[in-house]
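Chain naming here is simple, since letters A, B, ... match the order of the sequence lines and numbering starts at 1 in each.
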Number of protein chains: 2
Amino acid sequence: MSEAKQPFNGVIVYQRLRRAILEQALLPGTRLREDAIGEQFGVSRTIVRQALVRLESEHLVETQRNRGACVAEPTLIEAEQIFEIRHCLEAEVIRRLIERISVIGLEALDAHVDQEARVQGKDGPVSIRLAGEFHILLAELTENRILAGYVSELVTRCSLILAMYSRSHSSDCAVDEHRHIIQAVRDKDIKAALSIMDHHLGAVQGRADLSGDQKEDNLQSVLARYAEDPSA
Amino acid sequence: MSEAKQPFNGVIVYQRLRRAILEQALLPGTRLREDAIGEQFGVSRTIVRQALVRLESEHLVETQRNRGACVAEPTLIEAEQIFEIRHCLEAEVIRRLIERISVIGLEALDAHVDQEARVQGKDGPVSIRLAGEFHILLAELTENRILAGYVSELVTRCSLILAMYSRSHSSDCAVDEHRHIIQAVRDKDIKAALSIMDHHLGAVQGRADLSGDQKEDNLQSVLARYAEDPSA
DNA sequence: TACGAAAAAATCGTATACAAAAAAATTATC
DNA sequence: GATAATTTTTTTGTATACGATTTTTTCGTA
């Protein structure tokens, strides 16, 4: 298992920033200055740039020539389209899982939700990430890595969207509903599973209420927490 | 319409390389040395590197630390999974188009196929690209940019796959079948449209027959053609 | 004070330099 | 002559340097 094959530093910076975005520690619109990031991670701008290019090609950051990068701010139109495609792909996930999912897979799902339940109440970044990772785990259990990759990307983008347009960050992903999804999959009740998932994703309900930007300045303090992230 | 907003040179190099891959001018496994590419495009390795990072994050090139980049070589497993998801997404495209497609959209499709017919017989890179772009156009007509983006990515990856595993590059995408798809969409015959599309994509039929690599060396000559590509 | 122009600072875009690693070529040894 | 060890060359990974652009600040004028 030592085949670890150390990734480029650029990849590491990319992963850290990605997680910070997923956990809504970096909010949409946050300016991402190359110097500041490089300093936090102890690398040069060259490396930071690599990471930013990666993030841009995943639509998690937006770049303007000579103006640097910001955490992406999807429009409402984009947001709707992203949710639509997420719907579509997660429905495919459900269909595939019901067709064949292993006992081990179901156990993994249970374990994950248990973990979610444990941190419930505490409404921090961990809870947001776990909620997203539940959906990613579902997709991975299909064993189609392409599907899983797209779902993963979409989940992160949705986290971005919810950070922009949802007022209640807390109930974004109720643990109960995750349990219901597992149950429906276990029962091979495709109708129920799809309907729960539909309700669960339920598009973008809230409207923009964070018009006043309380973001922007805290880049340094946020990155400090992500510079030496303990858990993978 | 002068809002053109010049892209980074890195983006340009990326686009050129991407097209070369789509057109199967750069075959899977082809070594992509940074110096060579930079020289052809008249930019420094810094810029080439940006392009390679972009391509890697789209799975069109693979990178090994200290060993540089190659055009990706999807395994048969990956190939199957890619085709599966392409199936899934293109089915969604069909459903959406049948639900509502404009006359203008249908005309655009006709025009495109006419163009395909014009270069038919000549079995060169243009024909391969046009065949792929038909599917991308279909996806774009859904007006869901996310969906279109994923389809576009998948089409390119499939071109890569066919370059590896198909023996008859010619009949990869018959113009006739494209016409049938358009007709079925026009008739709003969803059954027919889906079935034609299914048959059209028909997964990976051929098996690996290009075990001997006749690639590798022609990087320079290939890139020369793509360095100053006339058509966007 | 408010506004606009000019200067200063900050930030980005790209090329280049240099160390480290890998690949290729050379030499030595059997 | 074939193989192993060593040197040379090539190529990559990263930091840094410098011009260009943008943003901020300063300063003058109404």
Side-chain angles (χ1 to χ4, degrees), chain A residues 2-17 26 29-57 60-72 213 215-220 222-223 227-228, chain B residues 2-17 26 29-57 60-72 213 215-220 222-223 227-228:
Chain A
S2 63
E3 215 256 278
K5 207 185 289 179
Q6 72 194 32
F8 303 166
N9 287 338
V11 175
I12 293 175
V13 175
Y14 155 79
Q15 288 169 341
R16 296 287 158 76
L17 290 177
L26 290 176
T30 303
R31 189 91 194 287
L32 298 171
R33 280 188 306 100
E34 299 173 0
D35 272 338
I37 297 172
E39 203 173 329
Q40 279 298 330
F41 289 97
V43 295
S44 78
R45 283 175 49 222
T46 307
I47 304 301
V48 175
R49 227 133 200 295
Q50 258 189 45
L52 291 177
V53 167
R54 276 191 137 74
L55 290 166
E56 191 192 17
S57 84
L60 296 180
V61 321
E62 282 158 5
T63 292
Q64 280 188 303
R65 184 170 180 96
N66 285 319
R67 297 208 183 172
C70 292
V71 178
D213 344 351
K215 41 201 163 186
E216 177 79 27
D217 34 21
N218 54 342
L219 215 203
Q220 292 296 332
V222 169
L223 288 185
E228 311 174 8
Chain B
S2 64
E3 215 256 276
K5 206 185 288 183
Q6 73 195 29
F8 302 166
N9 288 338
V11 174
I12 293 175
V13 175
Y14 155 79
Q15 288 170 340
R16 297 288 158 77
L17 290 177
L26 290 177
T30 304
R31 189 88 194 288
L32 299 171
R33 278 189 305 100
E34 299 172 0
D35 272 338
I37 297 172
E39 203 173 328
Q40 278 298 332
F41 289 97
V43 296
S44 78
R45 283 175 49 223
T46 307
I47 304 301
V48 175
R49 225 130 203 298
Q50 258 190 46
L52 291 178
V53 168
R54 276 192 138 73
L55 290 166
E56 191 192 17
S57 85
L60 296 180
V61 320
E62 282 159 5
T63 292
Q64 278 187 303
R65 184 171 179 97
N66 285 320
R67 296 208 182 172
C70 293
V71 177
D213 345 352
K215 43 204 162 182
E216 178 77 28
D217 34 22
N218 54 343
L219 214 203
Q220 292 296 332
V222 169
L223 288 184
E228 310 175 7

What is the distance, rounded to the nearest whole Å, between atom CD of B:Glu39 and atom P of D:dT10?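 Taking CD of B:Glu39 and P of D:dT10, I get 13 Å after rounding.
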Between C1' of D:dT10 and CZ of B:Arg33, the distance in whole Å: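 After rounding, the reported distance stands at 8 Å.
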Residues that B:Glu34 engages under salt bridge (charged side-chain N to carboxylate O under 4.0 Å, His left out), provided they are two or more places apart: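 B:Glu34 satisfies salt bridge (charged side-chain N to carboxylate O under 4.0 Å, His left out) with B:Arg45, B:Arg49 only.
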Residues in side chain to side chain donor-acceptor pair (under 3.5 Å) with [X], at least two apart?
X: B:Gln50; answer: none
X: B:Glu62; answer: none
X: A:Arg33; answer: none

If the condition is side chain to side chain contact (heavy atoms under 4.5 Å, CB included), which residues does B:Thr63 pass it with, not counting sequence neighbours?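 Residues passing side chain to side chain contact (heavy atoms under 4.5 Å, CB included) with B:Thr63: A:Phe8, B:Glu56, B:Val61, B:Ala69.
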Just by protein heavy atoms under 4.0 Å, how would nucleotides 14-22 of chain C read 5' to 3' in B, S and -? BBBB---SS
